[in-house]
Amino acid sequence: MLIPIDVPFDLANTLQSGQAFRWRFDGEWHQGVVFGNVVRIRQSATGLELATQPDDESYLEPLLRDYLGLGVDLDVVYTSLSPDRRLSQAIERYSGMRILHQDPWECLVSFICSSASNIPRITRNIESICAAFGRPLGTGGPPLYTFPTPGELADAGPEGLRRLGLGYRAEYLADTARAIAEGRVDLMTLREAPYEGALRELTALAGVGDKVANCVLLFSLDKPEAFPVDVWVQRALQEWYLEGSERKLSKLNMRLWARDRFGPHAGYANQYLFHARRLQGRNGEERSHS
DNA sequence: AGCCAGGCCCTCC
DNA sequence: GGAGGGCCTGGC
């Protein structure tokens with residue numbers, strides 16, 4: 001099935017920019033598990049080619065449009081951000097990179113796992129969690145699994161999760177899974193809530209501080225002003241924007257500074273700065289795109 | 001061998 | 001409120 005696309009969109013940069021951890025690229029197709037389906041997708045000159053199972057492509061198509069962030073008018077975002085010279089350059093380089101609209105539960109678990117870790121390890125951790133506690137999806141190829149529900153992870157318990165190599169994140173995950181499973185926090189409700197209130201509810205969860213919460217708010221809870229400050233964004237701000245004593249701002253104060261500077265679309269500014277800075281490597285050397 | 005990761009949490013000042 | 005150290009595990 002072909003989905004026509006007539007707006008700015010870059011599938012590869014959208015799926016491989018550290019927002020989600022279950023997409024694999026084989027040089028031609030991107031394959032992932034979303035909405036309980038194995039989804040294979042690739043971009044052509046006219047649109048997106050799609051193959052899904054077990055459900056029909058026609059059923060997944062609107063869901064995927066939403067997931068891929070195609071509902072957002074990127075021209076509005078770009079117009080708002082491009083007066084900034086750094087951003088206009090990044091927008092030109094990575095034009096069409098979008099912020100995903102993910103499932104909040106999967107997003108929350110993923111970023112709890114991300115603390116003091118790296119993408120290869122996070123990816124392995126998430127895959128282990130799905131293989132151990134998710135539901136198998138018949139594919140014919142290597143086995144794939146759905147993302148486990150809050151109840152399934154709560155039942156796994158801290159010991160079950162520790163066995164997967166999650167380290168100290170296992171306790172956080174078990175606690176948070178229980179809080180969600182028991183309905184103490186309703187993630188879907190947070191989509192309608194204002195930013196500040198949703199942030200407070202999220203940071204009350206185990207293993208969720210300001211950075212993780214802002215990732216969840218930005219990538220899954222419809223908060224375009226969210227601005228997660230990790231070490232990459234911290235470096236980008238310090239090297240490209242801040243002067244003198246401003247460089248010593250705490251990460252939390254950097255978030256406030258950025259919200260003030262970039263405005264209601266600060267989240268998109270964050271994603272483009274993050275991507276641009278990360279591709280430069282730890283010491284600022286250019287890194288090849290392999 | 002030792003240090004540091006795409007943080008969080010707790011203690012202490 | 002904010003600076004500092006500990007925390008699992010893995011990679012350099």
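The structure displayed is predicted, hence computed values, not measured ones. A, B, ... follow the sequence lines: proteins, then strands. Residue 1 opens every chain.
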message: Base, sugar-phosphate or nothing for A/A170? Non-hydrogen atoms, less than 4.0 Å.
response: nothing
message: Rounded to whole Å, please give me the gap between CD1 in A/I112 and P in B/dA5.
response: 22 Å
message: Tell me whether the NZ or CZ atom of A/R277 lies within the 45° cone about the ring axis of A/W232 and under 6.0 Å from its centre.
response: no
field: Under 4.0 angstrom between A/R169 side-chain N/O and C/dC8 OP1 or OP2
entry: no
field: Residue-phosphate contact under 4.0 Å: A/N253 side-chain N/O, C/dG2 OP1/OP2
entry: yes
message: Does a side-chain N or O of A/K251 approach OP1 or OP2 of B/dG7 to a distance below 4.0 Å, or not?
response: yes
- prompt: For A/E49 and A/S44, does a side-chain donor sit closer than 3.5 Å to a side-chain acceptor?
  reply: no
query: How close or far is atom P of C/dT9 from atom OH of A/Y172, stated in whole angstroms?
result: 14 Å
message: Can you measure A/R162 atom CZ to C/dC8 atom P for me and round it to whole angstrom units?
response: 5 Å
- prompt: Expressed in whole Å, how much space separates the C1' atoms belonging to C/dG2 and B/dG6?
  reply: 22 Å
- request: Write down the atom of A/A51, the atom of A/E57, and the distance for their closest heavy-atom approach.
  value: CA-OE2, 3.3 Å
task: Identify, between A/A204 and A/F274, the residue whose nearest nucleotide on DNA chain B lies closer to the 5' end.
output: A/F274
- request: Let me know, please, whether A/S115 or A/N118 comes out on the 5' side of the other along DNA chain C by nearest nucleotide.
  value: A/S115
- prompt: Just checking A/L161: base, sugar-phosphate only, or nothing, at a heavy-atom cut-off of under 4.0 Å?
  reply: nothing
- line: Here the distance between atom C1' of B/dC8 and atom CG of A/L199, to the nearest Å, is 14 Å
- line: Checking C/dG10, C/dC8, B/dG6 against the side chain of A/R278 (C-beta onward), the nearest is B/dG6
A/Y59 and A/F35 aromatic centres sub-6.0 Å: no
- prompt: A/L173 CG to C/dC8 P: how many Å, rounded?
  reply: 15 Å
query: Over how many whole Å does the gap from A/Q271 atom CD to B/dG6 atom P extend?
result: 15 Å
query: For A/V233, which contact category applies under a 4.0 Å heavy-atom criterion: base, sugar-phosphate, or nothing?
result: nothing
query: Which one is paired to C/dG10, where only Watson-Crick or G-U wobble pairs with both distances under 3.5 angstrom count?
result: B/dC4
query: Which atom names give the shortest non-hydrogen contact between A/K223 and A/L218, and what distance separates them?
result: O-CD1, 3.7 Å
Whole angstrom value for the distance that separates C1' of B/dC8 from CG of A/D175: 13 Å
message: Between A/G209 and A/R235, which residue's closest nucleotide on DNA chain B lies nearer the 5′ terminus?
response: A/R235
query: Which value, in whole Å, describes the distance between the P atoms of nucleotides C/dG6 and B/dC3?
result: 12 Å
query: How long is the line joining CG of A/D230 and P of B/dA5, in whole Å?
result: 12 Å
query: What integer number of Å spans the P atoms of C/dC8 and B/dT11?
result: 15 Å
message: Quick check for you: to the nearest 0.5 Å, what is the distance between A/T176 atom OG1 and A/L205 atom CG?
response: 4.5 Å
